[in-house]
Amino acid sequence: MIIVLLGAPGSGKGTVAKLFTEVVNIEHISTGDIFREEIENGTEIGKKLEKTMVRGSLVPDEIVIEAIEQRLKRPSAQNGVVLDGFPRTTKQAEYLKEMLSKQGKKIDMAIQLKISDEDIIDRTIERRICSNKKCGAIYNLKYNKPRQEGICDKCGSSLIRREDDNIETIQRRIKTYHTRSEPVIKYFENEGLLYNVDLKAEDKVTKNDIKRWIKEIKN
Ligand code: AMP
């Protein structure tokens, strides 16, 4: 099963992707996580990307495509994937289709998490993530608080704020989303793969929602 998650920053793609992996045996691939890891590890690519990401701009297509190609080749990705944060440009979307078709595969569904710009700001400003990469749990200090302040419920590690979750960067990321990524929604609509989910800042997607969406694919 190949699922694409579409939606502005803070729309909940990371949380929904994790739920998918709990409901079906597929791998979560987040291009944002891949790049953050490169930055943390101080790799050559990481050094190049840091400024772009902190600014809230998009990483060049060539680098994204190379990164995703590597990940999709891994044995752990062969049962299926949920793509979080990719594709973000029409070029990336076209590339993905072509690459999958060479392997006799295709995208099953592109799920758009629709949320207003105001609610995105509300969510991202209050977002905290687990500092333990293997856990990666995501919280919101308003809508999805950890039981103990600053501590992850799942693994006990400390919670941190993403460097790009500040108001200036968020506003720039929203703008980038409207100009560069909205055409991707049109692209998937034309491909007949788009499935829309309307959300408010306080809404929580559940495993039952995921099961319902999967049924839609099978129908
Ligand atoms: P995310 O964690 O998905 O919000 O991504 C964080 C940042 O990583 C984005 O603001 C971009 O700078 C970069 N990024 C992640 N995925 C992509 C992509 N598919 N294309 C271009 N840049 C990306």
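Order of listing sets the numbers, starting from 1, for every ligand and every atom in it. The shown structure was predicted, so the numbers you read here are calculated from the model rather than taken from an experiment.
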Practice task
For ligand 1, find out whether one of its N or O atoms is nearer than 3.5 Å to an N or O atom of Gly85.
Solution key: yes

Exercise for the section: Would you tell me which option among Glu50, Arg36, Arg88, Arg173 has the nearest heavy-atom contact to atom 9 (C) of ligand 1? Expected result: Arg88

Exercise for the section: Please work out whether the ring planes of Tyr95 and Phe86 are parallel, tilted or perpendicular, with thresholds of 30° and 60°. Expected result: perpendicular

Practice task
Report yes if Asp84 has an N/O atom closer than 3.5 Å to an N/O atom of ligand 1; otherwise report no.
Solution key: no

Practice task
Give a yes/no verdict on whether any heavy atom in Ser57 is under 4.0 Å from an atom of ligand 1.
Solution key: yes

Handout entry: Pairs satisfying salt bridge (Lys or Arg N to Asp or Glu O under 4.0 Å), at least one member in residues 60-71, at least two apart
Key = Glu62-Lys91

Problem - atom 20 (N) of ligand 1 [closest protein heavy-atom partner, distance rounded to 0.1 Å] - result: Gln92 NE2, 3.0 Å

Practice task
Identify the heavy atoms of Pro9 and Tyr177 that sit nearest to each other, and give their distance.
Solution key: CD-CB, 4.2 Å

Exercise for the section: Sequence neighbours left out, what pairs pass salt bridge (Lys or Arg N to Asp or Glu O under 4.0 Å) with at least one residue falling in residues 146-160? Expected result: Arg147-Asp153

Fill in the blank from the handout: When every non-hydrogen atom of Met53 is compared with those of Thr169, the smallest separation belongs to O-CG2, 4.3 Å

Exercise for the section: Could you say whether the N/O atoms of Thr52 and ligand 1 ever approach to under 3.5 Å? Expected result: no

Handout entry: Contact summary for Ile107 and Leu96, nearest pair of heavy atoms
Key = CD1-CD2, 3.6 Å

Problem - Which of the ligand 1 atoms, numbered from 1, are nearer than 4.0 Å to a heavy atom of Arg162 - result: 1 (P), 2 (O), 4 (O), 6 (C)

Practice task
Check each atom of ligand 1 against the heavy atoms of Thr31 and keep those under 4.0 Å away; list them by number with element.
Solution key: 15 (C), 16 (N), 17 (C), 19 (N)

Handout entry: Minimum side-chain heavy-atom gap Leu19-Glu22 below 4.5 Å
Key = yes

Fill in the blank from the handout: Ile210 and Val205 have their tightest heavy-atom pair at CD1-CG1, 4.1 Å

Completion exercise
Nearest non-hydrogen protein atom to atom 13 (C) of ligand 1, with distance, is Val59 CG2, 3.7 Å

Fill in the blank from the handout: Honestly, for Val64 the part within reach of ligand 1 (heavy atoms, under 4.0 Å) is side chain

Handout entry: Which residue and heavy atom of the protein sit nearest atom 7 (C) of ligand 1, plus the separation
Key = Met53 CE, 3.7 Å

